[in-house]
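The sequence lines fix the lettering, A, B, ..., with proteins before strands; numbering per chain opens at 1.
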2 protein chains.
Amino acid sequence: MFSLDQLSAFVAVAEELHFGRAAERLNMTQPPLSRQVQKLERAVGARLLERDNRKVELTEAGQAFLVEARRLLALVETAGDLARRVDQGAAGTLRLGFTATSAIRTLGPLLRRMSEELPDVDVILHERVTPAQLDGLLRGELDLGLGRPPFDTDVLDSRVVYREPLCAVVPGNHRLAALGRPLSAGDFAGEQVISYSPTQARYFHELTVRFLAESHPRIEQRVQQILTVILLVAAGRGVALVPASARSLGVEGVAYCDLDLDGTGAGDPVELHAIWRRDATSPVLRRVLTMLPEHH
Amino acid sequence: MFSLDQLSAFVAVAEELHFGRAAERLNMTQPPLSRQVQKLERAVGARLLERDNRKVELTEAGQAFLVEARRLLALVETAGDLARRVDQGAAGTLRLGFTATSAIRTLGPLLRRMSEELPDVDVILHERVTPAQLDGLLRGELDLGLGRPPFDTDVLDSRVVYREPLCAVVPGNHRLAALGRPLSAGDFAGEQVISYSPTQARYFHELTVRFLAESHPRIEQRVQQILTVILLVAAGRGVALVPASARSLGVEGVAYCDLDLDGTGAGDPVELHAIWRRDATSPVLRRVLTMLPEHH
DNA sequence: AGAACATGATTCCCGAAAGGTATCACTCGA
DNA sequence: TCGAGTGATACCTTTCGGGAATCATGTTCT
């Protein structure tokens, strides 16, 4: 088997048709160059260069081999590039889970940035509720998720990528819509409240329950999707609490009211987390994590 | 820059996922194999294998690089093949000149054998009269010609590949066609004889003149192509001498008569030569020459 | 014709690089 | 806790590639 150095030597001589000049181009002297070419010819099993004391020219076999040699060296030049780009996360695949709501404010900008900064990364999108995302992360089906707490922080790491207020959504002609001031928990006394599945949308379920705990509302519906909640509100089935970004969903016939979160803790209680396995090795993931906004 | 050995080492380890077994497969020991892989990783600039004391697995960059490495090694495997085949004359191009007449008996079988035994040789055909072939050979436009003497034997080498009788062609209703015996030179006395161009078809011109020298026929036409001669004979413009193989051209309205070549020398005076440059280096040519029939 | 020159091949030497042996560091299973 | 298994490291030996000098041969100029 020949070596790459021998190929380079041959190509140089074939292009210069002169051992001395070729050696100079290769930053070496002529004797070892002659030997390399001889070795290559023995390895290939054919005379590649016809040479005497006056001239050097390619044999027909040499012409054919020159094409192969150039192609090989070009491949060698570029062989490492892809691996390097993958290693730096600039190429590869990212399997990204997201909830329907996370798509409103976060997913779009993220995908736009990725297609600009990491154009060679293929993003495979999976819309799933948070528990399904967590399961996918643990099974290795997903690299990154956009979901809500809680999750197993021993195995999964996360970062808050969006934080927003909670607000109320009521039918457009509802009495609460006319108040014109932030609503407090007491305003919901006696209201029919649509809430979330305690398992599939646990985060919003708990936010709702926590905010309304003292006012003892009637909570009946148990839905997973925020859009479904709003559609039910629009249909007059009750009122609900949703993240502020839901305003831009553009559902007709509903009104959104700010909430008065006096002592309930800090403002903007709705957190969206980017979630990934602590032991993940994907370079694309690492690279994408550096691109994510961080909200504390 | 990495080496081909390093690529082989990496591929072996990537396939075995075990340095010891990979080393065994490569007929070496484990320590240098580890070093080679390390060097390759430094050359590429990315970690290709994730390894600890218990397991070896490919990183994402490693998976990408493995594909490149395999392709490269496959190219290396086959790179020499083409050159070797060219060198042995089993691949390449043969530029072959031939006269219209030589195609009747010789060209077909030659092309058939070549497509069987040297399927990777491209044959480029040039139909030319002999002088044009000789010119092409000297200019390097042709590798091999099928033509007639004379030519410059200092520069060109040749071999007789076909030998055949001369015969007469006469109109179908001609008196000579009815004789039913070999014709001698005297039979042509007073006949209108169609002959050949002394420059472009010198060989047949001289054969004709030599045979008919004593009988002083009227020689008027000066054509190049044997087929043209026969067509003129069919048109009743005269009689002519042609090689015996012309019988199979299938021209209607003519008759072919054997000649009585008593003292004019040996029988079968019409020679077809394969002609090539003495200094030709083409491996394909050398290989084809070994396939040519030899007639002494 | 002879000398100077040009060019690729050969020879000999040296240093870098590759492979081998022995060993270490670490993990896992009994 | 100990032994087996694995990859990494240290050190030695061998091999291989590059460099300087020289050779063999053909060209060119005087």
Side-chain angles (χ1 to χ4, degrees), chain A residues 1-59 61-63 65-66 69 72-73 76 278-279 281, chain B residues 1-59 61-63 65-66 69 73 76 279 281:
Chain A
M1 175 128 85
F2 52 80
S3 77
L4 294 176
D5 290 338
Q6 286 162 9
L7 283 188
S8 305
F10 167 67
V11 171
V13 176
E15 287 175 352
E16 300 285 349
L17 293 179
H18 188 290
F19 278 73
R21 283 194 298 275
E24 193 177 356
R25 211 173 87 180
L26 295 167
N27 294 316
M28 59 191 289
T29 53
Q30 169 263 319
L33 177 59
S34 287
R35 280 189 313 230
Q36 293 290 28
V37 172
Q38 290 165 10
K39 277 194 171 186
L40 178 63
E41 288 180 324
R42 272 191 289 123
V44 171
R47 187 157 194 86
L48 302 175
L49 291 162
E50 191 61 43
R51 47 200 186 274
D52 58 21
N53 289 324
R54 209 58 206 164
K55 68 182 188 312
V56 178
E57 55 187 20
L58 282 165
T59 64
Q63 291 174 26
F65 191 72
L66 179 58
L72 244 164
L73 290 175
V76 168
R278 288 188 184 279
D279 63 358
T281 58
Chain B
M1 174 122 87
F2 51 80
S3 77
L4 293 175
D5 290 338
Q6 287 163 9
L7 283 188
S8 305
F10 167 67
V11 171
V13 176
E15 286 176 354
E16 300 285 348
L17 292 180
H18 189 291
F19 278 72
R21 284 195 296 275
E24 191 178 356
R25 211 174 88 179
L26 295 167
N27 294 316
M28 59 190 292
T29 55
Q30 169 262 319
L33 176 58
S34 287
R35 283 193 308 247
Q36 293 289 24
V37 172
Q38 291 165 9
K39 277 195 170 186
L40 177 63
E41 288 180 323
R42 272 192 293 120
V44 172
R47 183 151 257 266
L48 302 175
L49 292 162
E50 189 62 43
R51 46 199 186 276
D52 58 20
N53 288 324
R54 213 57 206 166
K55 68 181 189 312
V56 177
E57 55 187 18
L58 281 165
T59 63
Q63 291 174 28
F65 192 72
L66 179 58
L73 290 175
V76 169
D279 65 357
T281 58

Give each protein N/O atom lying under 3.5 Å from an N/O atom of nucleotides 2-6 of chain D, with the pair distance.
| unit_1 | atom_1 | unit_2 | atom_2 | d |
| --- | --- | --- | --- | --- |
| dT6(D) | OP1 | His18(B) | NE2 | 2.9 |
| dT6(D) | O5' | His18(B) | NE2 | 3.3 |

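Atom CG in Leu17(A) sits roughly 14 Å away from atom C1' in dT7(C) (whole-Å rounding). Counting to the nearest Å, the P atom of dT7(C) and the CD atom of Glu50(A) are 18 Å from each other. Spacing between atom CD of Glu57(A) and atom C1' of dG8(C) amounts to 15 Å, rounded to whole angstrom units. Taking atom CZ of residue Arg51(A) and atom C1' of nucleotide dG26(D), one finds them 17 Å apart after rounding to whole Å.
Shown here is Glu24(A), whose CD atom has no more than 12 heavy atoms of other residues, nucleotides or ligands within 6.0 Å.
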Any chance you could list the contact pattern along nucleotides 16-22 of chain C? Use B for base contacts, S for sugar-phosphate-only contacts and - for none, protein heavy atoms under 4.0 Å, 5' to 3'.
-> -SSBBBB
For residues 31-38 of chain B, please give each side-chain donor-acceptor pair under 3.5 Å, one per line with the distance, not counting sequence neighbours.
| unit_1 | atom_1 | unit_2 | atom_2 | d |
| --- | --- | --- | --- | --- |
| Ser34(B) | OG | Gln30(B) | NE2 | 3.1 |
| Gln36(B) | OE1 | Gln6(B) | NE2 | 3.4 |

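With sequence neighbours excluded, the residues that form a side-chain contact (heavy atoms from CB on, under 4.5 Å) with Met1(A) are Ser8(B), Val76(B). The side-chain hydrogen bond (donor to acceptor under 3.5 Å, both in side chains) search around Arg47(B) returns none, not counting sequence neighbours. Listed by chain and residue number, Lys55(A) satisfy the side-chain hydrogen bond (donor to acceptor under 3.5 Å, both in side chains) test with Asp52(A) (two or more places apart in sequence, or in another chain). By the ring pair (Phe, Tyr, Trp, His ring centres under 6.0 Å) test, Phe10(A) is found to be paired with Phe65(A), residues two or more places apart in sequence or in another chain being considered. For Arg25(A), the salt bridge (Lys or Arg N to Asp or Glu O under 4.0 Å) partners at least two apart in sequence or on another chain are Glu15(A), Glu16(A). Partners of Asp279(A) under the side-chain hydrogen bond (donor to acceptor under 3.5 Å, both in side chains) rule, at least two apart in sequence or in another chain, are Arg277(A).
One finds a side-chain N or O of Ser34(B) lying less than 4.0 angstrom from the OP1 or OP2 phosphate oxygen of dA8(D).
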